[in-house]
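What you see is a predicted model; the values in this text were computed from it and never measured. We name chains A, B, ... by the order of the sequence lines, and we start the count at 1 in each one.
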Protein chains: 2
Amino acid sequence: MLLSKSCVYGLRASLFLANQEKGKFIPIRHMSDKLEISFHFLTKILQQLTAEGILESFKGPNGGVRLVKDGREVPLMDIVLAIDGPQLLTECALGLPGCGVQNPCPLHDKWAETRDSIKDMLENSTLTELVHKGRAENLRLTAESGFDILFNE
Amino acid sequence: MLLSKSCVYGLRASLFLANQEKGKFIPIRHMSDKLEISFHFLTKILQQLTAEGILESFKGPNGGVRLVKDGREVPLMDIVLAIDGPQLLTECALGLPGCGVQNPCPLHDKWAETRDSIKDMLENSTLTELVHKGRAENLRLTAESGFDILFNE
DNA sequence: TATTTTTAAGACAAAAGAGTCTCAAAAACC
DNA sequence: GGTTTTTGAGACTCTTTTGTCTTAAAAATA
């Protein structure tokens with residue numbers, strides 16, 4: 001898989017947050033219910049995003065997590081790097097350590113192109129952009145439901 | 001990681017085989033030594049390629065494995081599909097089951113493009129092509145050494 | 001037939017990824 | 001101060017991936 005499950009869950013939760021009233025703390029339990037992700041597992045993942053400064057959290061009643069920056073300033077790349085690290089974008093396709101322009105493997109050039117296309121996708125898609133798209137077309141954030149479920153209280 | 005370790009090992013071994021005298025059986029032990037891959041692990045991986053009809057094997061003295069088809073007729077895709085399966089090329093980037101044109105996630109369109117670029121790379125690179133490139137420029141197949149080591153007996 | 005060389009098959013172990021659970025700490029409110 | 005609601009931290013389990021090892025089976029050769 002391109003992205004780990006943790007990373008995908010982190011992305012889905014971040015999209016969820018970008019779709020909420022700005023500045024409001026959202027309980028993780030609420031998100032885990034709506035997104036159909038294990039509460040404890042999601043908590044652990046979002047703790048990573050908090051540690052990386054992408055989210056901030058608040059304990060107690062009316063607590064939860066929220067985006068530090070506006071969703072339009074958060075490219076998917078930020079979340080991917082925080083959870084999966086840079087390996088996807090730096091590693092050789094044949095797993096050879098130190099593979100690079102100066103000492104390439106046979107696949108290096110082609111893979112570099114493909115990797116750029118992945119990098120481009122992650123750097124140039126912001127949370128807000130995908131949320132707008134998702135809302136306009138009622139796209140999916142869970143196996144079964146579209147963005148609309150994210151509004152039903 | 002894009003490809004599993006098993007898959008990467010399978011690709012490296014297949015490149016090794018494509019670089020050998022055509023039709024000759026090569027002992028797995030010889031390859032595992034040269035490519036610095038665990039013999040038993042490589043054996044298991046190559047058994048998959050044999051089961052898939054990409055390699056054929058022969059037991060006993062002067063036995064080993066060899067490519068069934070000429071290397072110029074074997075795209076990397078064949079090996080990737082045999083070992084990692086089609087998930088990389090069919091799965092939704094957000095891991096949502098059934099995500100597709102009719103019921104897409106917000107990332108679907110962009111990911112479809114990127115995925116096509118991966119598909120293109122794997123379908124349009126043959127073993128022989130990469131071997132030629134690797135030999136011409138003495139590119140790497142192991143952490144430390146280039147194609148040239150594959151000739152020293 | 002016995003020995004050697006090789007792949008085949010599968011049990012087993014170690015490490016990483018995914019997921020669960022418990023308890024502590026902070027904040028709100030009674 | 002005590003109770004409730006929430007995140008934080010960490011132990012723990014389960015599964016998958018990765019890697020090791022042992023034994024069987026096939027082929028060659030003496």
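- B/R66 forms a cation-pi arrangement with B/F25, by the criterion of a distance under 6.0 Å to the ring centre and an angle within 45° of the ring axis.
- For A/S57, taking side-chain heavy atoms from C-beta onward, the closest of the listed nucleotides C/dA8, D/dT18, D/dG8 is D/dG8.
- Protein atom CZ of A/F39 is 17 Å distant from nucleotide atom C1' of C/dA18, rounded to whole Å.
- In this structure, B/K110 pairs ionically with A/E129, as a charged nitrogen and a carboxylate oxygen lie closer than 4.0 Å.
- For A/C7 and A/F58, each mapped to the nucleotide of DNA chain C holding its nearest heavy atom, the one lying further toward the 5' end belongs to A/C7.
- Closest to the A/P27 side chain, of the nucleotides D/dT7, D/dT18, C/dT20, is D/dT7.
- At least one side-chain nitrogen or oxygen of A/S38 sits closer than 4.0 Å to the OP1 or OP2 atom of C/dT20.
- A cation-pi geometry, defined here as NZ or CZ lying under 6.0 Å from the six-membered ring centre and within 45° of its normal, holds between B/R29 and B/F39.
- Minimum atom distance to the side chain of B/I28 is reached by C/dT7, of the listed D/dG19, D/dT7, C/dT7.
- Candidate nucleotides C/dA8, C/dA18, C/dA28 were compared by shortest atom distance to the side chain of B/Q47, and C/dA8 ranks first.
- We find that CD of B/Q48 is positioned 14 Å from P of C/dG10, with the value rounded to whole Å.
- To the nearest angstrom, P of D/dT6 lies 16 Å from CZ of A/R66.
- At whole-Å resolution of the value, CZ in A/F41 and P in C/dG17 are 11 Å apart.
- Look at CD on B/E36: it is 14 Å from P on D/dG19, rounded to the nearest Å.
- Nearest-nucleotide positions on DNA chain C for A/G60 and B/T43 put B/T43 closer to the 5' end.
- Rounding to whole angstrom units, CD1 of residue A/I45 and P of C/dG17 are separated by 13 Å.
- Comparing D/dT18, D/dT6, C/dA18 by their nearest atom to the side chain of A/S6 picks out C/dA18.
- Of the candidates C/dG19, C/dA11, D/dG8, C/dA11 carries the atom nearest the B/K44 side chain, counting heavy atoms from C-beta on.
- Mapping B/K59 and B/K5 onto DNA chain D via the closest heavy atom, the residue that lands nearer the 5' end is B/K5.
- Closest to the side chain of A/N62, from the set D/dT20, C/dC29, C/dC21, is C/dC29.
- Summarising the geometry, the separation between CE on B/M1 and C1' on D/dT17 is reported as 10 Å, rounded to the nearest angstrom.
- Within 6.0 Å of atom CD in B/E36, more than 12 heavy atoms from other residues, nucleotides or ligands are found, so the atom counts as buried in its surroundings.
- Rounded to an integer number of Å, the gap from CG of B/L46 to P of D/dT18 is 15 Å.
- Nearest heavy-atom pair, B/A82 versus B/I54, reported as atom, atom and distance to 0.1 Å: CB-CD1, 3.7 Å.
- Phosphate contact (OP1/OP2 of D/dT18, side-chain N/O of B/Y9, threshold under 4.0 Å): absent.
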